[in-house]
Amino acid sequence: MNKQTAASATGTSVDLRVEMAGLVLKNPVMVSSGTFGYGEEYSRIYDINRLGAIVAKATTIRPKHGNPPPRVVEVVGGMLSCCGQQNVGLERFISEKLPFIRTLSVPFFANVAGEIVDDYVFIAEKLCAAGGIAALELNVSCPNLQQGGMAFGVDPAAVKEIVAAVKKISSLPVVCKLTPNVTDVVAIARAAEEAGADALSLINAPLGMAIDVETRRPKLGNVVGGLTGPAIKPLALRMVWQVAQSVSVPVIGIGGITTAEDALEFIIAGATAVQIGTANFFRPLAPLEIIAGMEDYLKKHGLDNIKELRGSLELPPARGGH
Amino acid sequence: MNKQTAASATGTSVDLRVEMAGLVLKNPVMVSSGTFGYGEEYSRIYDINRLGAIVAKATTIRPKHGNPPPRVVEVVGGMLSCCGQQNVGLERFISEKLPFIRTLSVPFFANVAGEIVDDYVFIAEKLCAAGGIAALELNVSCPNLQQGGMAFGVDPAAVKEIVAAVKKISSLPVVCKLTPNVTDVVAIARAAEEAGADALSLINAPLGMAIDVETRRPKLGNVVGGLTGPAIKPLALRMVWQVAQSVSVPVIGIGGITTAEDALEFIIAGATAVQIGTANFFRPLAPLEIIAGMEDYLKKHGLDNIKELRGSLELPPARGGH
Amino acid sequence: MQDIFEVKAQVTTQEKVGPDCHLLQLAAPQIAASARPGQFVNVACSRQYQYDPLLRRPLSIYRVSPDTGIIELIYKVRGRGTELLAQKRAGEIVAVLGPLGKGFDIHEGTSRAILVAGGLGVASLMFLAQELAKVALGKGEEPYVHALIGGHSAEEIICVDDYSALGSPVKVHTWITRARLEQELEKVLEELSEQGVKTNTCSLYTCGPEGMLRRLAAWAQEHQMLCQVSLESHMSCGVGACQSCICKTSAGTGNTLEDTWKYSLVCRDGPVFNAEEVIWDE
Amino acid sequence: MQDIFEVKAQVTTQEKVGPDCHLLQLAAPQIAASARPGQFVNVACSRQYQYDPLLRRPLSIYRVSPDTGIIELIYKVRGRGTELLAQKRAGEIVAVLGPLGKGFDIHEGTSRAILVAGGLGVASLMFLAQELAKVALGKGEEPYVHALIGGHSAEEIICVDDYSALGSPVKVHTWITRARLEQELEKVLEELSEQGVKTNTCSLYTCGPEGMLRRLAAWAQEHQMLCQVSLESHMSCGVGACQSCICKTSAGTGNTLEDTWKYSLVCRDGPVFNAEEVIWDE
Ligand SMILES: Cc1cc2nc3c(=O)[nH]c(=O)nc-3n(C[C@H](O)[C@H](O)[C@H](O)COP(=O)(O)OP(=O)(O)OC[C@H]3O[C@@H](n4cnc5c(N)ncnc54)[C@H](O)[C@@H]3O)c2cc1C
Ligand SMILES: Cc1cc2nc3c(=O)[nH]c(=O)nc-3n(C[C@H](O)[C@H](O)[C@H](O)COP(=O)(O)OP(=O)(O)OC[C@H]3O[C@@H](n4cnc5c(N)ncnc54)[C@H](O)[C@@H]3O)c2cc1C
Ligand SMILES: Cc1cc2nc3c(=O)[nH]c(=O)nc-3n(C[C@H](O)[C@H](O)[C@H](O)COP(=O)(O)O)c2cc1C
Ligand SMILES: Cc1cc2nc3c(=O)[nH]c(=O)nc-3n(C[C@H](O)[C@H](O)[C@H](O)COP(=O)(O)O)c2cc1C
Ligand code: FES
Ligand code: FES
């Protein structure tokens with residue numbers, strides 16, 4: 001088997017381990033839900049056990065066709081996509097995907113999506129029972145069918161309800177993944193923390209749109225889709241920084257991360273770990289390059305441990321000139 | 001005086017005029033607040049009377065130093081900036097800037113910013129009295145000092161209050177400029193419309209952040225800043241589309257518009273006019289190129305009038321495959 | 001599963017082969033050694049850490065030379081990505097991921113193979129023609145492969161010489177316009193029937209515009225030929241992870257959606273599909 | 001106000017003039033005809049409608065030739081923008097906006113001009129040296145301009161030949177390190193005092209790292225010299241519209257903030273400032 005390695009030599013002197021939600025990750029570099037399949041695909045390119053953790057594509061109770069094409073359109077600095085949670089459904093996830101996942105030595109997170117609170121609870125119960133999963137990431141960006149279709153994730157009360165309900169039955173750590181399409185991400189983060197979330201991950205994709213001016217039709221089959229990639233990094237970093245200051249559970253930074261420098265920005269802003277998403281598509285070895293780049297950075301700055309960097313942002317003195 | 005013209009020949013057969021808030025603009029291409037100074041700067045490059053309208057830098061009651069440097073940082077597909085509304089203040093705006101503005105034959109909008117509702121009313125009254133201004137654009141993205149510092153623009157009630165208060169005293173049309181940093185932009189838009197806004201403009205800049213990993217300091221003097229440029233176009237377009245469907249007043253689309261195609265996307269989504277912001281910085285002739293490109297598009301598609309395009313988005317048939 | 005390689009490949013040649021069409025040769029030994037006809041690579045057109053355009057571009061593997069480690073691509077300059085690609089000069093580095101996807105099935109039992117390429121479809125069928133020519137070495141005198149190469153106009157018919165150079169097992173036909181293609185196909189049928197070859201022992205392989213594929217699929221079914229089509233779709237990852245590149249196919253067994261159809265991934269389940277699996281958009 | 005031109009300028013020459021330093025010649029007749037020493041242009045490094053990097057890069061006008069319509073820039077390859085710029089070849093088009101900013105004041109009454117360039121500071125002072133050399137034609141025998149050109153290392157001292165080529169009105173001195181610069185300045189002072197020139201009739205012009213500018217401003221004040229400094233700041237528009245490029249200056253008259261300082265715009269109020277206006281960061 002071909003296991004490509006990142007360019008940079010990886011010495012042994014620095015410690016990239018991070019603890020999160022009762023787990024120890026060998027490094028803070030995870031890959032994000034929906035951008036890494038179930039790991040099989042990328043295991044054809046490199047040894048995915050070198051990652052900090054892997055998050056699976058969203059699992060819903062029933063299998064889903066997902067949205068009609070086109071599902072992806074390139075935009076400046078990013079892409080819009082609307083896969084509509086095409087997935088094999090809970091049953092086949094357990095019967096077809098878990099066996100491969102159990103062969104891995106890397107923590108594997110399931111990503112749970114539903115339309116009513118009970119969906120989350122149902123899936124969580126089955127996954128806890130199935131074994132092979134390290135943690136649950138709750139995708140609360142889905143439309144809340146009980147509340148008129150606005151996403152669960154924009155309403156602190158709904159987020160609280162989902163997280164509390166899942167925590168009650170879950171034997172696995174629970175990560176709540178936050179949507180950026182909100183006025184006050186900190187309020188949502190606090191609601192999730194109060195409900196017992198073991199960690200928070202953010203951001204999911206901001207909603208965007210593109211139009212083909214020749215046909216005057218939306219460029220996406222689903223009209224709107226998630227904006228991801230480098231274009232959203234500044235937005236994501238701002239939200240991670242705000243949340244990390246306001247909660248005491250670990251925060252996982254997500255959004256446009258492509259280079260080690262990007263990842264380090266999130267850690268300096270207070271993230272415990274990061275997830276790589278869209279970069280997997282255009283730089284398939286990005287996660288390995290980021291791990292290597294983090295090691296190089298720590299060495300260069302005389303740090304032994306990635307934890308020393310977490311939340312080390314130095315703010316300017318009180319601002320003059322107003 | 002050197003008046004450069006856009007590359008493309010501009011025939012006379014198509015009609016780019018649009019009506020908005022009681023004004024007739026000779027074309028739908030405006031330039032946005034804070035990106036065009038008071039017009040003087042760009043009048044050294046081309047004949048700014050060719051624009052549809054110009055929006056001035058925000059005016060506050062008192063002059064402001066603005067934020068400490070660095071005020072700008074380049075990011076993928078855009079930039080972050082935090083000028084902190086450096087401006088000469090209302091009095092000098094009237095005495096120093098209006099005389100030049102009055103020499104122009106292009107409608108000139110003032111952009112009004114305040115910290116309490118009375119600020120908006122005070123500035124609006126003085127500007128209405130001063131003469132030379134075609135309309136007021138209310139910048140409600142500023143921190144609301146009466147309500148703990150969250151921006152006015154994230155709260156429908158606060159937006160309603162400002163717009164209603166200004167409408168009450170204003171002899172000029174009032175445009176309310178919406179911030180994208182909200183869960184439900186439609187709710188804010190409706191509040192502004194109900195309060196009597198003559199038009200809505202959106203989006204102002206999403207809040208972002210960038211960190212220098214070498215110094216572990218924010219790259220902006222103000223820590224966070226507005227993300228602008230092509231990177232935000234998909235987000236802006238989605239919001240404009242949502243709002244245009246939900247209100248009956250004209251909508252002005254803003255966000256990352258750089259080419260005629262970009263501008264046409266907003267018009268097809270339902271905008272009556274557009275504002276060019278960051279593109280002025282990296283493509284100084286962008287507004288003229290966009291006007292020319294719109295004419296070419298109309299001719300190519302056998303349309304006489306830009307209005308035929310407004311809101312002409314064709315949605316896909318009810319979606320199968322769910 | 002076949003390994004996939006991320007190669008920082010050096011450009012060895014870049015040359016024009018038709019209107020806006022370029023041949024790019026890249027040193028990518030691992031890909032050259034393992035690629036199969038019909039597979040593709042995902043090519044980074046912008047430089048490393050340059051983000052415009054962001055996504056890679058899928059391009060078919062035109063030909064490989066396992067000895068020299070060279071892979072060849074033929075592409076048409078259309079938009080931002082291919083424009084940048086066309087500027088790469090010998091010695092520059094281009095990141096390519098591959099080999100990707102499921103290629104053509106070569107049915108050893110087939111008595112004749114008919115290849116129909118429309119426009120850039122030649123890019124995906126050349127490698128196949130080469131492999132089929134090898135298969136043909138053990139077979140009879142008549143040409144084993146009929147390659148029908150066409151385009152919108154005479155000058156858009158490219159790569160004919162490369163096909164011809166494959167020698168006697170391959171007979172090259174060219175066509176412009178749909179009517180002409182149908183005539184050419186009829187001529188091939190006549191020739192086959194003169195040779196006593198039954199159409200249901202032939203295989204049809206095709207790559208080109210969707211309308212053409214669809215008509216050929218129907219034509220092949222009419223003649224009971226095995227038919228494989230190579231599809232295109234907008235992609236991002238190229239490896240089956242992002243689910244961007246869907247096409248409708250018949251559901252097959254094990255479908256838990258209780259539907260007659262499912263979305264397959266062009267990048268992983270294709271780009272080559274058996275024609276009868278594909279559900280064409282109405 | 002001076003007109004500003006957006007020019008799609010053709011590259012006539014691109015050549016290396018030092019470690020990572022390039023000379024770029026562009027055909028930009030309107031800019032060549034109207035630029036003044038100390039002004040700059042805002043250069044689009046990416047191709048049209050290519051958005052990475054997005055913003056233009058400010059570069060000083062090194063020299064102009066109104067006859068041929070050529071402007072020259074000297075720049076150091078640092079990041080994304082200048083890397084792309086360095087790849088432009090003769091014949092390619094680069095969009096440039098200029099001339100921008102307020103240049104150096106040439107005080108006709110000055111008896112000697114001292115120019116101190118640190119690193120790429122040479123780029124902004126050459127044009128000035130050229131103009132001063134013209135002014136000097138009417139003056140006495142001694143060199144009118146003392147150009148002190150320096151850098152971190154010997155090889156980083158660039159463009160010396162161009163300065164020398166200005167002939168007898170210009171005397172070129174070079175320096176490495178701060179200590180050496182101070183020695184050179186002392187030598188110039190000695191020379192001037194031998195010639196009976198009072199320092200308060202001299203003007204000091206300088207461009208380079210901020211620390212250097214600041215020390216020279218203090219030194220000039222000590223010797224009662226007129227002193228102008230050319231500042232840098234991160235820019236976006238380059239024309240005074242975006243208010244990105246601020247520096248602190250003394251408030252002057254008409255300040256309605258009732259403060260002792262204000263933010264000036266480096267792109268419009270500068271990049272050249274009278275040293276005594278500048279409020280240096282502590
Ligand atoms: C499996 C496969 C094999 C292909 N093989 C070849 C080949 O050998 N030679 C060749 O010339 N072309 C081939 N194509 C089409 C080629 O990928 C597109 O022409 C190319 O991506 C256009 O990129 P651009 O930057 O020029 O255009 P842009 O318009 O800038 O592309 C914008 C976006 O659309 C996508 N896109 C545009 N057109 C297509 C298309 N037809 N199919 C898929 N995505 C598209 C791009 O990947 C990108 O994401 C193949 C496509 C696929 C899916
Ligand atoms: C008025 C003026 C004149 C200048 N003249 C010259 C010159 O003649 N020759 C020369 O080599 N350099 C000059 N500089 C500096 C030059 O602009 C920067 O080196 C250049 O912008 C770096 O771009 P980059 O893409 O290589 O670096 P990047 O690191 O990619 O730049 C990132 C961002 O930072 C900005 N930036 C980075 N460094 C500087 C800097 N020192 N000053 C201002 N902005 C910066 C860029 O414009 C860009 O927005 C001048 C700067 C100013 C303000
Ligand atoms: C194609 C695609 C599919 C995605 N699917 C999911 C999903 O199933 N569940 C989820 O929580 N997030 C999903 N996401 C969001 C990503 O996990 C991530 O939050 C987002 O892409 C931002 O990170 P990035 O900019 O690094 O891509 C998806 C993103 C993409 C691009
Ligand atoms: C440097 C800068 C200053 C701005 N100042 C203001 C302002 O004073 N008032 C305001 O309403 N918007 C201001 N904006 C926001 C713009 O008007 C516009 O809404 C935003 O930049 C999005 O458009 P763009 O992506 O085309 O730049 C400013 C934007 C920039 C980049
Ligand atoms: S391109 Fe990602 S699944 Fe096919
Ligand atoms: S760069 Fe825009 S004001 Fe100076």
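Proteins come first, then strands; the chains are lettered A, B, ... in the order of their sequence lines, and each starts at number 1.
Looking at heavy atoms from C-beta onward, C/His234 lies out of side-chain contact with A/Pro70 at the 4.5 angstrom threshold. The shortest distance between side-chain heavy atoms of A/Pro230 and C/Leu54 falls below 4.5 Å.
No side-chain donor-acceptor contact under 3.5 Å links A/Gln86 to the backbone of C/Gln243. Side-chain N or O atoms of A/Glu74 include one that pairs as donor or acceptor with a backbone N or O of C/Leu55 at under 3.5 Å.
Enclosure of atom CD in C/Glu92 by more than 12 non-hydrogen atoms of other residues, nucleotides or ligands within 6.0 angstrom is indicated. Other residues, nucleotides and ligands contribute more than 12 heavy atoms inside 6.0 Å of the NZ atom of C/Lys102.
For the set A/Lys57, A/Glu40, A/Arg283, the count of heavy-atom pairs under 4.5 angstrom toward chain C peaks at A/Arg283. Most heavy-atom pairs under 4.5 Å with chain A: of the set C/Asn42, C/Leu97, C/Asp52, this distinction falls to C/Leu97.
Of the atoms belonging to A/Thr35, it is backbone heavy atoms, and not side-chain ones, that fall under 4.5 Å from chain C. Residue A/Pro69 touches chain C through both its backbone and its side chain, counting heavy-atom pairs closer than 4.5 Å. In this structure, no portion of A/Tyr38 lies under 4.5 Å from any heavy atom of chain C.
Expressed to the nearest 0.5 Å, how far OG of C/Ser244 lies from CE of A/Met79 amounts to 5.0 Å. Once rounded to the nearest 0.5 Å, the distance linking CZ of A/Phe36 with SG of C/Cys237 reads 10.5 Å. The distance from atom OG1 of A/Thr258 to atom OH of C/Tyr51, rounded to the nearest 0.5 Å, is 4.5 Å. Summarising the geometry, atom CZ belonging to A/Phe282 is positioned 10.5 Å from atom OG belonging to C/Ser236; distances are rounded to the nearest 0.5 Å.
Geometric assessment of A/Arg44 against the ring of C/Phe5 yields a negative cation-pi assignment under the 6.0 Å and 45° thresholds.
For C/Glu232, the salt bridge (charged side-chain N to carboxylate O under 4.0 Å, His left out) criterion is met by no residue, not counting sequence neighbours.
Here the shortest heavy-atom pairing between A/Glu289 and C/Tyr49 reads OE1-OH, 3.7 Å. Residue A/Tyr42 comes nearest to C/Ala241 through the heavy atom pair CE1-CB, 3.5 Å, listed as atom of the first residue, atom of the second, then distance. Counting all heavy atoms, side chain and backbone alike, A/Cys83 lies closest to C/Cys242 at SG-O, 3.1 Å. C/Lys262 approaches A/His65 most closely through the heavy-atom pair CA-CE1, 3.7 Å.
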Checklist entry - Passes side chain to side chain contact (heavy atoms under 4.5 Å, CB included), C/Tyr263 versus A/Lys64? Steps please. => result CA-CA 10 Å; C/Tyr263 280 132; A/Lys64 280 182 137 189; over 6 Å; no
Checklist entry - Step by step, would you call A/Val72 with C/Met235 a side chain to side chain contact (heavy atoms under 4.5 Å, CB included)? => result CA-CA 7 Å; A/Val72 62; C/Met235 294 188 172; over 6 Å; no
